[in-house]
Amino acid sequence: MHWALTFAERIISQRGEKKEYVCESGVTPSGHCHIGHFREAITTSLVALALKDIGYNSSHIYIWDDYDRFRKVPSNVPENYSDYIGLPIYKVPDPEDCHDSFADHFMEPFEKSLSEAGMEPDFLRASEQYRAGVYRDNIKISLDKRQKLIDLLNSQRGGEKLSSDWYPVSVYCPKCGKDTTKITSFDGDYALSYSCKCGFSETADIRKANYIKLKWRVDWPSRWAHFDVDFEPYGKDHGTTGGSADTGFKIIQEIFEKPPIVGATYEFVSLKGASGKMSSSIGNVVLPRDILSVMEPDVLRYLFVKTKPAKELKLSLDLDFLNVYDEFDRVESTYFNNEEVNKREKYDKLYEFSNIWGYKSKPSQPPFRFLSVLVQITSDAQRIIDILKKEGHVSKDLSEADIERIETRIKLAENWVKLYAPEMVKFELLDTPPELELTSDEKKGLSLISDLLEKEDLTDVELHNRIYEISKSIPLEPKKLFRAIYQVLIGKDSGPKAAAFINALEKEFVIKRFRSY
RNA sequence: GGGCUCGUAGCUCAGUCUGGUUAGAGCACCGGCCUUUUAAGCCGGGAGUCGGGGGUUCGAAUCCCCUCGAGCCCGCCA
């Protein structure tokens with residue numbers, strides 16, 4: 001059974017029958033939202049999808065904690081941003097001045113990527129919720145049970161304990177906007193007194209003050225309680241014993257008196273070759289849009305669909321990248337053909353959960369591998385499609401959806417070659433014949449190939465075989481003939497499979513080039 | 001110190017939750033493909049005491065206990 005369905009069943013048995021199951025993900029947009037955050041979203045989304053798959057209603061809510069405080073100045077942001085430390089991030093200006101706030105600057109591109117990958121969760125902002133008083137009851141409960149919270153958290157804390165003047169809330173000063181406030185007393189009813197470093201102080205009525213925020217460890221379970229959340233995944237840094245998920249489970253039960261949610265710890269996502277956490281300071285962040293610039297969204301989904309959350313996911317942008325594409329195409333083919341396959345049900349789910357286009361029959365599958373060659377020959381999409389047809393990679397009559405997919409892959413292959421392809425697969429077709437000293441045998445070989453091309457239309461395999469025959473007839477070592485072919489075309493000793501490569505090029509061009517020696 | 005994940009063919013892994021015919025795949029390797037394969041050609045093949053030990057069971061890669069090894073997490077952080 002697919003892992004998302006296993007979670008779905010666990011949710012139903014642990015949380016009981018419900019009209020609608022609520023799956024939550026949540027992120028603090030205090031920096032780039034990278035492919036790790038993407039895992040949080042897609043894990044949630046897939047479990048919500050799995051619930052629907054077995055006949056239940058589900059929703060996916062996505063909480064942006066843009067009410068969190070601006071803690072530190074990221075490395076690529078002006079120094080004077082230290083002035084904003086203590087403000088909620090939705091109030092900090094966008095350093096690049098293209099969005100309404102620091103938080104929005106990171107939220108907007110991420111929401112766009114999620115949408116491209118077929119996810120449309122309900123986005124909610126903590127800043128708006130707090131200011132609308134959504135958590136007012138939970139703030140009251142937390143303050144009433146302050147001592148119990150202190151005891152509970154202290155029982156899990158290894159190092160320094162919370163002291164008895166700890167409060168489960170922080171106050172954003174209504175005068176200076178920052179949370180540089182110190183709570184001095186709570187009367188047990190509704191009066192909360194505090195003073196701010198800026199000099200302001202007051203006794204606030206927690207029924208009216210809309211600038212009080214629950215602290216993270218309490219905020220999270222408060223959210224679960226308020227939205228009646230059934231499921232939420234979290235990174236392994238939260239999932240550790242004594243971590244915020246662990247204390248959250250205790251708090252939701254003992255403080256908010258609601259049953260615990262079903263949680264899931266997911267492993268980190270990393271780039272092949274890199275290890276450890278992604279961090280903007282190390283400079284190894286990979287954003288969803290980076291991957292989506294070279295990979296179709298359904299293929300990206302496939303990677304997450306097939307990898308259980310608890311397993312580390314290593315993304316590869318080098319040659320392995322091409323294998324992922326091949327694998328996806330195979331899974332897709334299997335899905336659409338009817339032959340008996342071992343574990344059919346499981347593989348079908350992999351495709352169903354990945355496919356966001358709703359294809360009813362197998363779409364064209366232009367091989368990404370070959371496209372990475374073709375895009376280096378021409379930027380003319382129509383010509384590439386013609387070559388794909390001629391070489392039998394796609395059918396002669398294409399639907400609009402097919403053409404769209406091919407054109408998409410062409411674009412992505414262009415990006416991949418430009419951004420990530422290893423040198424070995426890169427080449428440049430030479431406009432003019434390079435200066436070369438070829439042996440007379442090599443010249444003869446090239447000349448015989450051009451004679452052949454002029455007379456006949458050969459398939460890749462035929463041409464390939466004929467090249468060997470020619471080399472035998474001269475005789476010339478095949479290796480040397482191939483080298484000559486690549487040298488006159490791209491100035492390298494090796495290159496894409498010669499026959500398919502020659503067939504993809506314009507015949508007259510090749511003939512002229514081969515005869516110019 | 002606490003916790004998580006992993007250990008299955010030379011390599012990368014699936015299978016472990018729901019125990020059950022001779023443990024699978026890809027790559028690598030070997031052989032064949034009118035003695036030709038250069039961007040992973042086609043067909044076929046060999047290959048693993050499932051990290052180790054113990055237990056439960058008619059039956060264990062799978063469940064339980066112990067143990068060894070690797071990686072990772074534990075103020076904030078996916």
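All figures in this text were calculated on a predicted structure; none of them were measured in a lab. Every chain is numbered from 1 and lettered A, B, ... according to where its sequence line falls, protein lines coming before strand lines.
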Figure out the [atom1]/[atom2] separation between [X] and [N], and round it to whole Å.
X: A:K349; N: B:A14; atom1: NZ; atom2: P; answer: 21 Å
X: A:H238; N: B:C4; atom1: NE2; atom2: P; answer: 18 Å
X: A:I485; N: B:U37; atom1: CD1; atom2: P; answer: 15 Å
X: A:I63; N: B:A78; atom1: CD1; atom2: P; answer: 15 Å
X: A:E462; N: B:G41; atom1: CD; atom2: C1'; answer: 15 Å
X: A:R369; N: B:G26; atom1: CZ; atom2: C1'; answer: 12 Å
X: A:D237; N: B:C76; atom1: CG; atom2: C1'; answer: 10 Å
X: A:D219; N: B:C76; atom1: CG; atom2: P; answer: 13 Å

Check every strand shown and say whether [X] touches a base, only sugar-phosphate, or nothing at a heavy-atom separation below 4.0 Å.
X: A:K308; answer: sugar-phosphate
X: A:G239; answer: nothing
X: A:G235; answer: sugar-phosphate
X: A:N323; answer: base
X: A:R39; answer: nothing

Could you tell me whether A:K426 atom NZ has more than 12 heavy atoms of other residues or ligands within 6.0 Å of it?
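Yes - once you tally the heavy atoms of other residues, nucleotides and ligands closer than 6.0 Å, there are more than 12.
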
Can you tell me if the side-chain N/O atoms of [X] get under 4.0 Å from OP1 or OP2 in [N]?
X: A:R483; N: B:U38; value: no
X: A:R217; N: B:C76; value: yes
X: A:K479; N: B:U36; value: no

Considering only atom [atom1], compute the distance from [N] to [M] and round it to an integer number of Å.
N: B:A40; M: B:G26; atom1: C1'; answer: 11 Å
N: B:C64; M: B:U18; atom1: P; answer: 10 Å
N: B:G3; M: B:U8; atom1: P; answer: 25 Å
N: B:C6; M: B:U16; atom1: C1'; answer: 13 Å
N: B:G19; M: B:G55; atom1: C1'; answer: 15 Å
N: B:A70; M: B:U12; atom1: C1'; answer: 16 Å
N: B:G2; M: B:G46; atom1: P; answer: 48 Å
N: B:C29; M: B:G48; atom1: C1'; answer: 15 Å

Side-chain contact, heavy-atom cut-off 4.5 Å: A:F304 with A:F353?
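No - every pair of side-chain heavy atoms lies 4.5 Å or more apart.
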
Please give the nucleotide sitting opposite [N] as a Watson-Crick or G-U wobble pair, both distances under 3.5 Å, or none.
N: B:A78; answer: none
N: B:G20; answer: B:C58
N: B:C6; answer: B:G69

Closest heavy-atom pair and its distance - A:R289, A:P109:
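Where A:R289 meets A:P109 most closely, the heavy atoms are NH1-CB, 3.5 Å.
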
From the set [options], return the single nucleotide nearest to any side-chain atom of [X].
X: A:H464; options: B:A14, B:A40, B:U37; value: B:U37
X: A:Y486; options: B:G15, B:U38, B:U18; value: B:U38
X: A:T6; options: B:U37, B:A78, B:U18; value: B:U18
X: A:A310; options: B:U38, B:U36, B:U5; value: B:U5
X: A:T240; options: B:C73, B:U37, B:C77; value: B:C73

Option passing side chain to side chain contact (heavy atoms under 4.5 Å, CB included) with A:S127 (candidates A:W64, A:Y172, A:Y67):
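Testing A:S127 for a side chain to side chain contact (heavy atoms under 4.5 Å, CB included) against A:W64, A:Y172, A:Y67 leaves exactly one candidate, A:Y67.
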
Return whichever of A:N465 or A:H37 has its heavy-atom-nearest nucleotide of RNA chain B closer to the 5' end.
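Comparing both residues, the 5'-ward one is A:N465.
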
More 5' along RNA chain B: A:W216 or A:P496, using each one's nearest nucleotide?
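That would be A:P496.
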
So does A:E469 pair up with A:K472, basic N to acidic O under 4.0 Å?
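Salt bridge flag = no for A:K472 with A:E469.
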
With a 4.0 Å cut-off on N to O distance, would you call A:R146 and A:D151 a salt bridge?
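Result for this pair is no, no salt bridge flagged.
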
Polar pair under 3.5 Å, donor/acceptor by atom type, side chain A:H34, base B:A78
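Checked by distance alone, the answer is yes.
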
Is it the case that the side chains of A:Y302 and A:E327 hold a donor-acceptor pair, with the cut-off being a distance below 3.5 Å and no angle test?
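Short answer, yes.
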
Would A:S244 and A:H238 count as a side-chain contact (heavy atoms from CB on, under 4.5 Å) if you check the C-alpha gap in whole Å, the side-chain angles of each, and the deciding distance to 0.1 Å?
CA-CA 5 Å; A:S244 45; A:H238 287 306; 2.7 Å; yes

